[in-house]
Amino acid sequence: MSKQDVPSSIAQTFTVTKFELLNYFRSRRFIIMLGIGVIIGALLTLLVGYYRPSSFTTSSIDFYSSWWGTSAAYIVILSSIFFGGDAISGEFQNKTGYFTVGNPIRRSSIYMGKWLAAFIASFMIIVVFVAMTVLNNFYYFGPNMPYQFVESFLFTVLYLISVLGLTFFFSSLFKSSSIAILTTVVLMLFAFSLIQNLVNAFVHTEPWFLITYGAGIIGNILTVPYPLHTAITRFGHVAITSYAVTVPEGVAILAIYFIVTAILGLVLFERKEFN
Amino acid sequence: MRQSIEAVNLTKSYGSFIALSDLNLKLEGAKCIGFLGPNGAGKTTTLKLFTDMIRPSEGHALVGGIDVHSNKKEALSSCAALIETPEIYPSLTPVEALSMIAEIRGVPSEERGKRIEDSLSEVKMLEWKDKKVGRFSKGMKQRVNIASVLISDPSIIMLDEPTTGLDPRGMSEVREIVKSLKRRNRLIFMSSHLLNEVTDVCDEVAMIDHGKLLAYDTISNIILKFSENGSNIIEVGFSRAVDDSIIAEIGKLGNVKGTSKIDETNLRVEISGDIKAREGLLYELASMKIGVISFKPSTSALESSYLNMIKETL
Ligand SMILES: Nc1ncnc2c1ncn2[C@@H]1O[C@H](COP(=O)(O)OP(=O)(O)OP(=O)(O)O)[C@@H](O)[C@H]1O
Ligand SMILES: [Mg+2]
């Protein structure tokens with residue numbers, strides 16, 4: 001009887017990542033998301049090239065601010081949903097979990113392996129989008145790389161980590177993939193920004209509890225000088241206080257979102273039953 | 001290494017419903033144990049508890065003496081299971097899907113290629129090895145699932161209705177696989193509804209109903225104990241569908257102890273008495289002119305014991 005040693009949990013995690021990525025590349029999922037990224041980039045290229053809006057063409061940093069500052073967050077959210085939306089719920093709903101979970105592998109290895117695969121796939125999409133952004137900038141302003149753009153890119157990656165944490169949490173919370181995906185879409189694309197606007201308008205407190213508020217650093221860092229932390233706009237008797245997240249705050253918000261949702265998602269997956 | 005599967009006060013409840021009730025069972029050695037019981041008896045529940053797919057409400061599930069829930073990686077290191085019908089990522093090929101399992105289970109990389117070929121050829125899927133699983137039929141997928149159990153050459157194997165969806169030849173191939181595993185001194189625990197399959201490959205059976213273990217013994221002992229003397233089971237075939245009024249009438253005939261429908265045109269009739277009683281029943285059925293076209297004693301002795309045992313718990 002051959003007794004083979006089961007690999008370490010870290011090695012198993014990478015195995016899961018490898019085959020998950022293979023599955024993304026084989027199925028149409030990766031190609032479709034790549035297509036969406038490329039189409040968004042191409043549309044921006046055409047619009048800027050044709051209309052030459054002044055916000056894009058005055059300086060290199062303004063270009064990045066108008067281009068990357070407005071679109072990067074959407075690329076992050078879309079690819080997180082694409083690669084993470086049903087990552088865990090699908091294992092239950094499609095019964096693919098029955099193939100792996102009965103093996104000598106910790107559930108956390110499966111969770112982390114799949115998370116890592118979603119991160120790598122999303123990261124590749126973002127890199128393609130960065131390339132399109134930088135090439136456009138090069139066309140208008142020649143070779144240059146404002147350090148703020150490098151920072152903004154790093155914040156985007158942090159945002160990706162954070163949003164994927166949240167997406168995986170929801171896909172671990174619900175057994176139905178469509179509910180998991182719908183929840184993430186509604187929260188990330190509508191609910192959070194709605195709450196942020198309401199808080200700004202009526203509550204006069206900083207919406208520090210919102211992941212989308214934390215993501216403000218991606219665009220803010222590209223605004224020179226960095227926006228004021230609080231700005232009060234008056235409309236007659238009504239004053240609206242709007243907040244611009246600072247870099248330390250933003251980093252903290254995104255990091256805490258990731259840590260909390262990752263722990264909760266893992267605990268949920270550990271406890272969830274296959275039935 | 002101890003080759004054993006053991007349940008200690010193992011209980012699983014869903015709210016107030018008890019799917020598995022205080023199971024105490026120890027299986028060890030090199031043999032095949034059949035796991036029998038009607039639909040909803042708790043077979044899959046038991047096997048899921050042994051692979052940590054669900055958590056026990058009480059008690060422990062031990063594989064090789066190690067608690068599966070608290071130490072799954074070690075407990076399952078030399079145990080492989082096939083529970084219900086898993087799905088494989090549809091865009092992977094059998095070779096890739098098996099590579100994943102082989103890698104997770106630590107099959108040495110230099111052996112992997114050969115092991116994959118061997119297990120795919122055992123389930124007769126070699127010619128499909130590089131095609132995407134997503135397009136496979138149900139039975140083809142199940143064959144790959146069986147190969148995934150063989151890939152790591154485990155010493156303990158748990159199978160939950162492994163022949164589900166397989167064609168007759170596939171079923172007999174799986175029986176051969178199980179027999180060859182037995183020859184190589186493996187411990188096999190296999191749930192099944194096919195009593196001929198169990199009679200053919202298993203040495204012992206565990207019977208369960210309503211979440212309770214009814215018996216665990218060798219097949220011959222089970223048959224001795226539970227097919228009571230004087231009780232016969234006859235399978236009666238009809239040329240047309242039998243309706244409930246006919247079944248009720250048959251139930252009233254002398255010596256008939258009970259009836260159960262096998263399908264639309266076949267009825268299982270249990271009678272008491274000797275060969276004379278059987279002759280009498282055939283005569284009465286024929287004279288009822290209800291389309292009886294076949295009349296044969298149930299072939300499987302295990303089946304009658306099974307039916308007796310299940311009936312007793314109702
Ligand atoms: N998640 C659940 N919630 C409530 N009851 C459940 C759940 N899962 C299983 N059960 C119940 O537990 C009982 C045992 O189910 P199980 O799947 O173990 O039966 P089984 O013996 O495998 O039956 P079959 O031969 O049909 O496969 C059934 O009555 C089933 O309804
Ligand atoms: Mg079952």
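Reckoned from all heavy atoms, side chains included, excluding hydrogens, waters and symmetry mates.
- Both the backbone and the side chain of A/S9 come within contact range of chain B, with heavy atoms under 4.5 Å apart.
- B/I101 contributes atom CD1, which lies 9.0 Å from atom CZ of A/F19 (distance to the nearest 0.5 angstrom).
- Within 6.0 Å of NZ on B/K212 lie no more than 12 heavy atoms contributed by other residues, nucleotides or ligands.
- Judged by distance alone, the side chain of B/R55 and the main-chain N or O of A/R271 form a donor-acceptor pair under 3.5 Å.
- Neither the backbone nor the side chain of B/A75 comes within contact range of chain A; no heavy atom of the residue lies under 4.5 Å from a heavy atom of that chain.
- Heavy-atom minimum distance, A/N103 versus B/K72: O-CE, 3.1 Å.
- If you check the side chains of A/N275 and B/Y14, you find a donor sitting under 3.5 Å from an acceptor.
- Atoms OG and OH, on B/S91 and A/Y24 in that order, are 11.0 Å from each other to the nearest 0.5 Å.
- Across every non-hydrogen atom of B/K73 and A/P7, the tightest pair is NZ-O, 2.8 Å.
- With a threshold of 4.5 angstrom between heavy atoms, A/S8 approaches chain B through N, CA, C or O but not through any side-chain atom.
- Across all their heavy atoms, A/G102 and B/L76 have their closest contact at O-CD1, 3.4 Å.
- Residue-environment remark: CG (A/L154) exceeds the threshold of 12 foreign heavy atoms within 6.0 Å.
- Nearest heavy-atom pair, B/L92 versus A/R26, reported as atom, atom and distance to 0.1 Å: CA-NH1, 4.3 Å.
- Atom CG of residue B/D52 and atom CZ of residue A/R106 lie 11.5 Å apart, to the nearest 0.5 angstrom.
- Interatomic distance, B/E103 CD to A/F14 CZ, rounded to the nearest 0.5 Å: 12.0 Å.
- To the nearest 0.5 Å, atom CD1 of residue B/I88 and atom CZ of residue A/F99 are 4.0 Å apart.
- Annotation for B/M53 and A/V101: closest pair CG-CG1, 3.7 Å, computed over non-hydrogen atoms.
- If you measure heavy-atom distances from B/T45 to chain A, you find no contacts under 4.5 Å at all.
- Using a 4.5 Å cut-off between heavy atoms, B/K141 does not touch chain A at all.
- For B/T44, no part lies under 4.5 angstrom from a heavy atom of chain A.
- At most 12 heavy atoms of other shown residues, nucleotides or ligands fall within 6.0 angstrom of atom NZ in B/K138.
- Within 6.0 Å of OH in A/Y74 there are 12 or fewer heavy atoms belonging to other residues, nucleotides or ligands.
- Contact record, B/I104 with A/Q12: O-NE2, 2.8 Å, taken as the closest heavy-atom pair.
- When B/E84, B/E96, B/M158 are compared by the number of non-hydrogen pairs under 4.5 Å with chain A, B/E96 comes out ahead.
- Both the backbone and the side chain of A/N23 come within contact range of chain B, with heavy atoms under 4.5 Å apart.
- Annotation: the span from A/I105 atom CD1 to B/S77 atom OG amounts to 14.0 Å, rounded to 0.5 Å.
- With a 4.5 Å cut-off on side-chain heavy atoms, A/K18 and B/M100 do not count as touching.
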